[in-house]
Protein chains: 2
Amino acid sequence: MTTAPQPTVTEAVDDYLKAIFELAEEGGRASTASIARKLEIAPASVTGMLRKLAEQDPPWIAYEKHRGAVLTDRGRQRALEIIRHHRLIESYLHHTLGYSWDEVHDEAEKLEHAISEQFEERIAEALGDPQSDPHGHPIPRKDGSMPERNEIGMLELEVGAGALISRVSDRDPELLRYFSRLGVRPGVRLELVERSPFDGPLLVRLDGATELTALGNKICREIHVSPDGPTEEP
Amino acid sequence: MTTAPQPTVTEAVDDYLKAIFELAEEGGRASTASIARKLEIAPASVTGMLRKLAEQDPPWIAYEKHRGAVLTDRGRQRALEIIRHHRLIESYLHHTLGYSWDEVHDEAEKLEHAISEQFEERIAEALGDPQSDPHGHPIPRKDGSMPERNEIGMLELEVGAGALISRVSDRDPELLRYFSRLGVRPGVRLELVERSPFDGPLLVRLDGATELTALGNKICREIHVSPDGPTEEP
DNA sequence: GCTCCTATTTAGGTATGCCTAAATGGCTGC
DNA sequence: GCAGCCATTTAGGCATACCTAAATAGGAGC
């Protein structure tokens, strides 16, 4: 008769659930190694934690040795709650406290664990229930649903096609400052004019400008666009 | 040659420093038992932590066995920083996010550890560098100085004297709601009309009202007043 | 089917910060 | 000056969440 551990929610648990959710979004199961990379900890530490998360009652994840982790409904619900916190905080810092969009991520990373439901409600209200954060990432609703949108990776856009920038990656402040300088931000219209060969840069016309902008292939992986319809302005 | 431990600042360290500061303010050295009571942990745990805080290099406190703890300059500086965080956050929650004054303490208790210097600066600016929080407690300045004020305990007021309420205790939400109902809050003028015998209630006239208000003796310990001059409105 | 290589797990260890129970110190009253 | 009491410290443990080093599993290529 083994003991049935209680489902304690520590900061570490939240970080794991968020990481697993984001990895799953990017495609498939979250492997031990990928979680370790994302959280910047040793793979061995991840194994131990995954075992614990799966053994909680009720469990946060389903875990099989050598096969990585998948969130349970409960785990996904919790992950979405944290992501909602994070993105609402980012929006609040940007719109109300004058943070630039390259400054919000780190601050939100700390605050997302500390705020109450009341705080969440108040800032959501103050912002008018936004659907996306300053980088264009969708904000999960209170009920756990996600604003659906029709978006593709920048690299999948066809030459000659127009699109609205829907979101950019929020991880690297330096990249965000570069995007700022270029005028690349969610809501901006662009047209893919030319695709250089050998995975070279994409030449795009931003917001009807006369000049073209070259976007390196690697950087384009950090940009998503809505190919046809209008998208939400953040 | 023993090792010289680094001065790590964890949440627990901050909580201890804040507790010791507040106990010292209320009079003299902070004893092991009083810290344990304030932090709601066992006295034995406090002993171990005090030893560690004193052994850090540079030390946060001076500690002698059986004689309690006193903050070093460095420790006091850190304590004031945390208290500034706490009181600015309380003010922000109250004035900007519509929290009532009995709701702010618990939220601030969590956020004070999570915010950056930038966040502190932004909310201080948004509030116009306030000198006191919603309960009337003075907010330490960035340089570590405290707004000086001329205040005494409510119980020390003389019969017939007028005064401005300068601050009330922030710990007990229920007490704060009671104060709200009575109209007891910082900045309100009162006059001590009568002091009941045997440590009975104080009868006061609040804000020029016609009716008198009875304030129990115990509750009066949670109220401070400025006997002569005007005080800062929070 | 076997060999490698890499991903993963196991084993054992560390630091933090809390706990309880038992030992000791310091002070007060007689 | 000593008895007794309360505050405090000591000793030994526990949970969390990380680490490194060594063992093992799975899958690709031959």
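For the numbers below, each heavy atom of this structure counts, side chains included, while hydrogens, waters and symmetry mates do not. Below, read A as the first sequence line, B as the second, and so on, with proteins coming before strands; counting in each chain starts at 1.
Atom P of nucleotide D/dT8 and atom CZ of B/Arg51 are separated by 15 Å, given to the nearest angstrom. When rounded to the nearest whole Å, the span between CZ of B/Arg29 and P of D/dA7 equals 17 Å. At whole-Å resolution of the value, CG in A/Leu39 and P in D/dT16 are 18 Å apart. Taking atom CD1 on A/Ile35 and atom C1' on C/dT9, their separation rounds to 14 Å, with Å as the unit. A straight line from CG of A/Asp14 to P of D/dT16 spans 15 Å, rounded to a whole angstrom.
Residue A/Ser31 has no polar side-chain atom (N or O) positioned under 4.0 Å from OP1 or OP2 of C/dA7.
Under 4.0 Å is where a charged nitrogen must lie from a carboxylate oxygen, and between B/Glu81 and B/Lys142 no such pair does. Using a cut-off of 4.0 Å between Lys/Arg side-chain N and Asp/Glu carboxylate O, B/Glu64 and B/Arg51 are scored as not salt-bridged.
Among C/dA11, C/dT8, D/dT8, the nucleotide with an atom closest to any side-chain atom of B/Thr47 is D/dT8.
A donor and an acceptor atom, one from each side chain of B/Ser226 and B/Glu151, are nowhere located under 3.5 Å apart. B/Asp15 and B/His113 share a donor-acceptor pair across their side chains, judged by distance under 3.5 Å alone. Residues A/Glu103 and B/Gln118 have side chains that bring a donor and an acceptor to within less than 3.5 angstrom of each other.
Within residues 60-71 of chain B, the residues that place at least one heavy atom under 4.0 Å from DNA chain C are, in residue-number order, B/His66.
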Would you tabulate the nitrogen or oxygen pairs shorter than 3.5 Å linking the protein to nucleotides 15-18 of chain C?
from, atom 1, to, atom 2, distance (Å)
C/dG17, OP1, B/Thr10, OG1, 2.4
C/dG17, OP2, B/Lys52, NZ, 3.4
C/dC18, OP2, B/Tyr16, OH, 3.4

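Judged by distance alone, with hydrogens and angles left aside, the side-chain atoms of A/Ser91 form a donor-acceptor pair with the main-chain N or O of A/Arg87 at under 3.5 Å. Side chain of B/His224 to backbone of B/Gly136: no donor-acceptor contact under 3.5 angstrom is found.
Across all strands shown, A/Ala33 has heavy atoms under 4.0 Å from sugar-phosphate atoms exclusively, and none from any base.
Using cut-offs of 30° and 60° for the angle between ring planes, the B/Trp101 and B/His135 rings count as parallel.
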Derivation and outcome, ring pair (Phe, Tyr, Trp, His ring centres under 6.0 Å), residues B/His86 and B/His105: CA-CA 8 Å; B/His86 182 97; B/His105 180 78; 4.9 Å; yes
